[in-house]
Protein chains: 2
Amino acid sequence: MRQNLENPAENSAENRVENPFAQPGHDHASCVSAALDGAEAVCARRGGRLTPLRRRVLELVWRSHRPVGAYDLLALLQDERGRVAPPTVYRALDFLCAQGLVHRLDSLQAFIGCGHANASDDSDRDGDGQHPAHFLICQDCGAAVEVRDGQLDGAISHLAGRTGFAIADETVELRGRCADCQN
Amino acid sequence: MRQNLENPAENSAENRVENPFAQPGHDHASCVSAALDGAEAVCARRGGRLTPLRRRVLELVWRSHRPVGAYDLLALLQDERGRVAPPTVYRALDFLCAQGLVHRLDSLQAFIGCGHANASDDSDRDGDGQHPAHFLICQDCGAAVEVRDGQLDGAISHLAGRTGFAIADETVELRGRCADCQN
DNA sequence: ATTCATTTTGTTATGTTATATCATTTTATT
DNA sequence: AATAAAATGATATAACATAACAAAATGAAT
């Protein structure tokens, strides 16, 4: 079964702290605004169309810092719009992933918002909107955080170099317990 | 749809070279024998029961160096045994994965034999049979090779250390084109 | 050897994730 | 306003995976 969505009653203002590893004063409303503003900027710059549907799906993905299943999003959309079919959600997610605004976590078959889509055009190999993304995923609190680590990037490049392998796409997902959940 | 299985007619002796990145004189029959012998050893040592069914599934996984879908294996088993249901395959795969004899590639939802289950008890954190596995997956020839890279391992450990994250499980899958397929 | 508990396998049904296809609507362009 | 392209709606189905319970095989203890 799918992970439980947070109880809407506990999340009424949509600004509850579903923590990226329990940051103390995390203002989630601002966090989401920033992400949506960034998404607008990315799309404006690159000619993508952040339609109301896509924008809303992105907003729903950003409701928490925990990966969300496509069918969870589908249910949320159905609450708002009545009949909605899976392709509606998957097409929106495809677009958002293509723009690098959302990442799919292969090990969870779930999706999470990308906090630095706007800032990371430098690591955009192909001129498409994507960038390699590496995750720490806490199996206790369910949060997933995208990490940037030069040493890890270097090791991957070096591995590719020495084997003559041309990397097109990376899945790096480390599951375990975050520092906070170890106490 | 699932990736095509190699044509059985092209693979009659089960020793055709479905290359781990096209190694010149790869003797696949020996390669598989070694894997099966190793599997027997691992199970003997650790009290796992490599039943005929499980052994056969392992052998089928090893037919090539390309990841195989569970339903591909199911079809192969059905050819041999008539009615076989999905749980039969999934249970065998669960066992083989638990013993570290097979790995699941999350990004492909497919399975591949592990060539060093026998040799890699040192990196077995939990005393279960598993070890972290990192893959290069060629999108051209379809082969997946499990790589061992100290620098990569180090970078992952270091990342975990500096973030206080306790890793329980890793998914590292790099997709692209292998050296041979770049020509 | 027989009983008993445990593990493995068989069987049926269903859950979960994702896509193919074609119709309709919306948007951008001429 | 006409047209082409992009996005969305709608229906159906494919692909991957597990729950639950019954039957059979295995191992251990008497």
Side-chain angles (χ1 to χ4, degrees), chain A residues 1-5 39 43-44 46-58 60-61 67-78 80-99 101-112 129 171 173, chain B residues 1-5 39 43-44 46-58 60-61 67-78 80-99 101-112 129 171 173:
Chain A
M1 214 203 323
R2 195 98 283 302
Q3 67 180 286
N4 289 336
L5 287 172
C43 289
R46 311 192 24 262
R49 287 167 58 190
L50 191 60
T51 62
L53 173 66
R54 290 164 172 175
R55 191 187 154 93
R56 182 58 182 151
V57 169
L58 181 59
L60 290 174
V61 168
V68 198
Y71 277 72
D72 292 332
L73 294 168
L74 181 60
L76 292 169
L77 279 182
Q78 285 169 335
E80 306 178 344
R81 304 181 174 212
R83 284 180 198 75
V84 178
T88 299
V89 171
Y90 281 103
R91 284 190 291 225
L93 288 170
D94 285 347
F95 171 84
L96 296 168
C97 287
Q99 302 296 321
L101 299 169
V102 161
H103 296 293
R104 179 176 194 272
L105 296 173
D106 290 330
S107 65
L108 302 178
Q109 296 174 187
F111 300 83
I112 190 159
T171 296
E173 299 169 16
Chain B
M1 218 205 318
R2 193 99 287 300
Q3 67 180 284
N4 288 336
L5 286 173
C43 289
R46 309 193 24 262
R49 287 166 57 189
L50 191 60
T51 63
L53 174 65
R54 289 164 173 175
R55 191 187 153 92
R56 182 59 181 150
V57 170
L58 180 58
L60 291 173
V61 168
V68 197
Y71 277 71
D72 292 334
L73 294 169
L74 181 60
L76 292 169
L77 279 182
Q78 285 170 335
E80 308 177 341
R81 306 183 173 209
R83 282 178 199 77
V84 178
T88 298
V89 170
Y90 281 103
R91 284 189 291 223
L93 288 170
D94 286 347
F95 170 84
L96 296 169
C97 288
Q99 301 296 322
L101 299 169
V102 161
H103 295 293
R104 186 188 133 101
L105 296 173
D106 290 331
S107 66
L108 302 178
Q109 297 173 184
F111 300 84
I112 190 158
T171 296
E173 299 170 17

> Would a 4.5 Å heavy-atom cut-off, applied to side chains only, mark B:Leu60 and B:Glu80 as touching?
Replying inline: yes

> Tell me, do A:Leu105 and B:Asp106 make a side-chain contact under 4.5 Å, heavy atoms counted?
Replying inline: no

>> Rounded to whole Å, please give me the gap between CG in B:Leu73 and P in D:dC16.
In response: 11 Å

> In terms of side-chain heavy atoms of A:Arg49, which of C:dG10, D:dG9, C:dA28 is nearest?
Replying inline: C:dA28

> What integer distance in Å separates B:Leu74:CG from C:dT11:P?
Replying inline: 13 Å

> What integer distance in Å separates B:Gln78:CD from C:dG10:P?
Replying inline: 12 Å

> Do any side-chain nitrogens or oxygens of B:Thr88 fall under 4.0 Å of OP1 or OP2 in C:dT9?
Replying inline: no

> Side chains of B:Arg46 and B:Gln99: donor-acceptor distance under 3.5 Å anywhere?
Replying inline: yes

> Base, sugar-phosphate, or nothing for A:Arg91, non-hydrogen atoms under 4.0 angstrom?
Replying inline: base

>> Using side-chain heavy atoms (C-beta onward) and a distance below 4.5 Å, is B:Arg81 in contact with B:Leu53?
In response: yes

>> I'd like to know if the side chain of A:Arg104 and the backbone of A:Ala110 have a donor-acceptor N/O pair within less than 3.5 Å.
In response: no

>> Distance check needed: D:dT8 P versus A:Leu50 CG, whole Å only.
In response: 10 Å

> B:Leu93 CG to D:dC16 P: how many Å, rounded?
Replying inline: 12 Å

> Given atom CG of A:Leu96 and atom C1' of D:dA7, what is their separation to the nearest angstrom?
Replying inline: 13 Å

>> Rounding to an integer number of Å, can you tell me how far B:Tyr90 OH sits from D:dA15 P?
In response: 12 Å

> Relative to the 5' end of DNA chain D, which residue comes earlier, A:Ala85 or A:Phe95, by the nucleotide with the nearest heavy atom?
Replying inline: A:Phe95

>> Please tell me if A:Tyr71 has a side-chain N or O lying less than 4.0 Å from either OP1 or OP2 of C:dT16.
In response: no

>> From C-beta outward on A:Arg104, which listed nucleotide comes closest to its side chain: C:dT8, C:dT11, C:dA18?
In response: C:dA18

>> Counting only side-chain nitrogens and oxygens, does A:Arg54 get under 4.0 Å of the OP1 or OP2 atom of D:dA7?
In response: yes

>> Checking contacts here: which listed nucleotide (D:dT8, C:dT19, D:dT18) is nearest the side-chain heavy atoms of A:Leu53?
In response: D:dT8

> Nearest-Å distance, CG (A:Asp106) to P (C:dT17)?
Replying inline: 14 Å

>> Of the options D:dT8, C:dT11, C:dA18, whose atoms approach the side-chain atoms of A:Phe111 most closely?
In response: C:dA18

> Do the side-chain N or O atoms of B:Thr51 get closer than 4.0 angstrom to the phosphate oxygens (OP1, OP2) of D:dA25?
Replying inline: no

